[in-house]
Structures are given as structure tokens and as C-alpha cells.
Amino acid sequence: MKIKDFSSKSSFTLVELLIVLALISILATILVVIIKPGEILKKGRDTQRISNLNNLDKLMQLMSINDPNFNELTYASSNIVYISLQDTNSNCSSYQNELPPLPSGWSYRCSQNPQNIDGTGWIPISFNSNPLINLDKLPL
């Protein structure tokens with residue numbers, strides 16, 4: 001009968017395992033720095049915003065096709081920048097320090113409920129008055 005010699009069996013030492021883990025963490029860090037997942041998320045959000053604005057433009061085109069007298073400029077005031085920030089003051093006073101300055105004679109307009117589709121949202125057009133439009137809320 002043969003007796004097995006277990007002393008010749010090789011295995012990893014603690015130092016070797018620590019070195020491998022250190023190399024894996026360095027490679028993972030380099031990969032995160034190169035890929036920049038934050039930038040990928042920003043691009044995804046920007047793509048969603050552009051898509052939302054294109055959809056709003058298509059809705060307004062549909063409204064003008066359905067009603068030849070429709071003109072979005074009859075709903076909006078000149079020299080006003082409508083933004084989708086929620087504020088109790090319509091002049092966006094809570095955000096004045098964060099928003100870029102506007103030229104003389106221009107002002108910002110916020111809404112208390114910016115996602116409303118009845119003309120009180122951040123876009124002053126009543127989307128719920130048109131039966132062809134199925135919109136639950138305005139995108140922010």
C-alpha cells in the first residue's frame with residue numbers, strides 16, 4: 001500500500017493572494033477612470049432630454065396641424081425664458097443665484113407645478129385641450 005505525501009501539494013500563499021487582489025483592484029480603478037461611468041450617465045440623461053424636447057415639438061406640430069390658427073407664440077410672452085424648475089414664485093427667485101444672467105429686459109419663468117399640462121406647467125400651452133394629444137405630464 002502506498003502512502004500519499006501531502007507536503008508536496010502546492011497552494012497559494014497569503015502574500016500571493018494579496019498581490020493578485022491588489023492587481024485586480026488597480027486594473028478595476030484604471031478601467032473606471034478610462035470608461036468614466038459618470039459621463040456615460042450624463043450622456044444618457046442628455047439623450048433623454050433631447051428626446052423629450054423633440055416629442056414636445058412634435059406635439060406642437062400636431063396641434064398646429066389640427067388647428068391652423070394655433071401659434072405657440074400666442075401662449076408665451078416675449079422676452080421670457082420658461083424653465084422647468086419648481087418654484088412658488090413665478091420669477092424663479094429661489095434659483096436666481098444659480099441661473100445665468102439674462103440680457104436686459106428678459107426674465108425667467110418658473111411654475112409651482114411644472115409638469116402640469118393645462119397651461120400652468122413650465123410650458124404655457126394647454127395640451128389637454130386637444131383631443132388628439134395623450135400626454136400625462138410635461139417632462140422636466
Side-chain angles (χ1 to χ4, degrees):
M1 178 179 205
K2 270 187 165 181
I3 299 176
K4 285 190 172 186
D5 182 17
F6 291 106
S7 63
S8 66
K9 195 172 186 180
S10 64
S11 63
F12 293 110
T13 64
L14 181 61
V15 173
E16 291 172 332
L17 288 175
L18 289 175
I19 290 172
V20 169
L21 288 175
L23 288 174
I24 289 173
S25 65
I26 290 170
L27 290 174
T29 303
I30 291 171
L31 188 63
V32 166
V33 168
I34 291 173
I35 292 178
K36 298 181 182 176
E39 291 297 319
I40 292 172
L41 292 174
K42 284 181 187 177
K43 287 180 183 179
R45 286 190 302 263
D46 289 346
T47 302
Q48 181 64 43
R49 288 183 184 120
I50 291 169
S51 174
N52 287 340
L53 288 174
N54 286 335
N55 289 337
L56 287 173
D57 184 47
K58 289 176 186 175
L59 286 175
M60 286 188 253
Q61 288 176 10
L62 179 64
M63 290 177 82
S64 66
I65 290 171
N66 190 36
D67 179 11
N69 296 325
F70 173 80
N71 184 355
E72 61 268 3
L73 297 177
T74 60
Y75 295 95
S77 300
S78 61
N79 297 346
I80 292 182
V81 178
Y82 295 92
I83 54 178
S84 63
L85 295 174
Q86 184 176 7
D87 199 346
T88 54
N89 295 326
S90 62
N91 63 354
C92 308
S93 61
S94 301
Y95 300 98
Q96 287 300 324
N97 294 335
E98 300 171 36
L99 296 171
L102 293 173
S104 178
W106 286 77
S107 63
Y108 287 108
R109 186 65 41 106
C110 289
S111 173
Q112 192 166 1
N113 298 308
Q115 291 184 313
N116 284 353
I117 59 170
D118 60 358
T120 63
W122 73 276
I123 299 178
I125 297 173
S126 180
F127 290 100
N128 61 353
S129 65
N130 193 320
L132 296 177
I133 294 179
N134 185 16
L135 184 65
D136 293 333
K137 60 184 179 178
L138 290 175
L140 297 179

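What you see is a predicted model, and the numbers here were worked out from it, not measured in a lab.
Across every non-hydrogen atom of F127 and L56, the tightest pair is CZ-CD2, 4.3 Å. The two residues I117 and K137 make their nearest non-hydrogen contact at CG2-CA, 3.7 Å. Nearest heavy-atom pair across P124 and A76 is CG-CA, 4.1 Å. Shown here for L99 and L85, the closest heavy-atom pair between the two residues is CD2-CD1, 4.0 Å.
Applying the salt bridge (Lys or Arg N to Asp or Glu O under 4.0 Å) definition to pairs two or more places apart or across chains, none involves residues 54-74. Residues in residues 98-140 take part in these disulfide bond (SG atoms under 2.5 Å apart) pairs, two or more places apart or across chains: C92-C110. The list of side chain to side chain donor-acceptor pair (under 3.5 Å) pairs with a residue in residues 33-51, not counting sequence neighbours, reads D46-R49, Q48-N52.
At least one donor-acceptor pair closer than 3.5 Å links the side chain of W122 to the backbone N or O of P139. In terms of modelled atom types and a separation under 3.5 Å, the side chain of Q115 and the main chain of D136 share no donor-acceptor contact. Between the side chain of S111 and the backbone N or O of T120, at least one donor-acceptor pair lies under 3.5 Å. Put simply, the side chain of E16 gets close to the backbone of T13: a donor and an acceptor are under 3.5 Å apart. Counting only distance, with no hydrogens or angles, the side chain of Q86 and the backbone of Q112 share a donor-acceptor pair below 3.5 Å. N71 contributes a side-chain N or O that, together with a main-chain N or O of L73, makes up a donor-acceptor pair within less than 3.5 Å.
I125 and I133 end up in the same hydrophobic cluster when Ile, Leu, Val, Met, Phe, Trp and Tyr side chains are linked at under 4.5 Å. Under a hydrophobic-cluster definition in which Ile, Leu, Val, Met, Phe, Trp and Tyr are linked whenever side-chain heavy atoms come within less than 4.5 Å, directly or via other members, M63 and L135 are assigned to the same cluster. Under the 4.5 Å side-chain heavy-atom criterion for grouping Ile, Leu, Val, Met, Phe, Trp and Tyr, V15 is connected to L23 within one hydrophobic cluster. L62 and L138 fall within a single hydrophobic cluster, where Ile, Leu, Val, Met, Phe, Trp and Tyr are joined by side-chain heavy atoms under 4.5 Å apart, directly or via other members.
Cluster partners of I34, using a side-chain heavy-atom cutoff of under 4.5 Å among ILVMFWY residues and allowing indirect links, are I26, I30. Under a 4.5 Å side-chain heavy-atom cut-off, the cluster of Ile, Leu, Val, Met, Phe, Trp and Tyr residues that includes I65 has no other member.
L59 has its side chain out of reach of N55: every pair of non-hydrogen atoms, C-beta onward, lies at least 4.5 Å apart. Proximity of P114 to Y82: side-chain heavy atoms (C-beta onward) are nowhere separated by under 4.5 Å. Side-chain atoms of L27 and L31, non-hydrogen and from C-beta on, never get closer than 4.5 Å to each other.
With 3.5 Å as the limit, one finds a donor-acceptor pair spanning the side chains of N128 and S126.
A distance of 10.0 Å separates CD1 of I19 from CG of L14, quoted to the nearest 0.5 Å. For the atom pair CG (N91) and OH (Y108), the distance works out to 12.5 Å, reported to the nearest 0.5 Å.
Checked against ring pair (Phe, Tyr, Trp, His ring centres under 6.0 Å), Y75 has the following partners two or more places apart in sequence or in another chain: F70.
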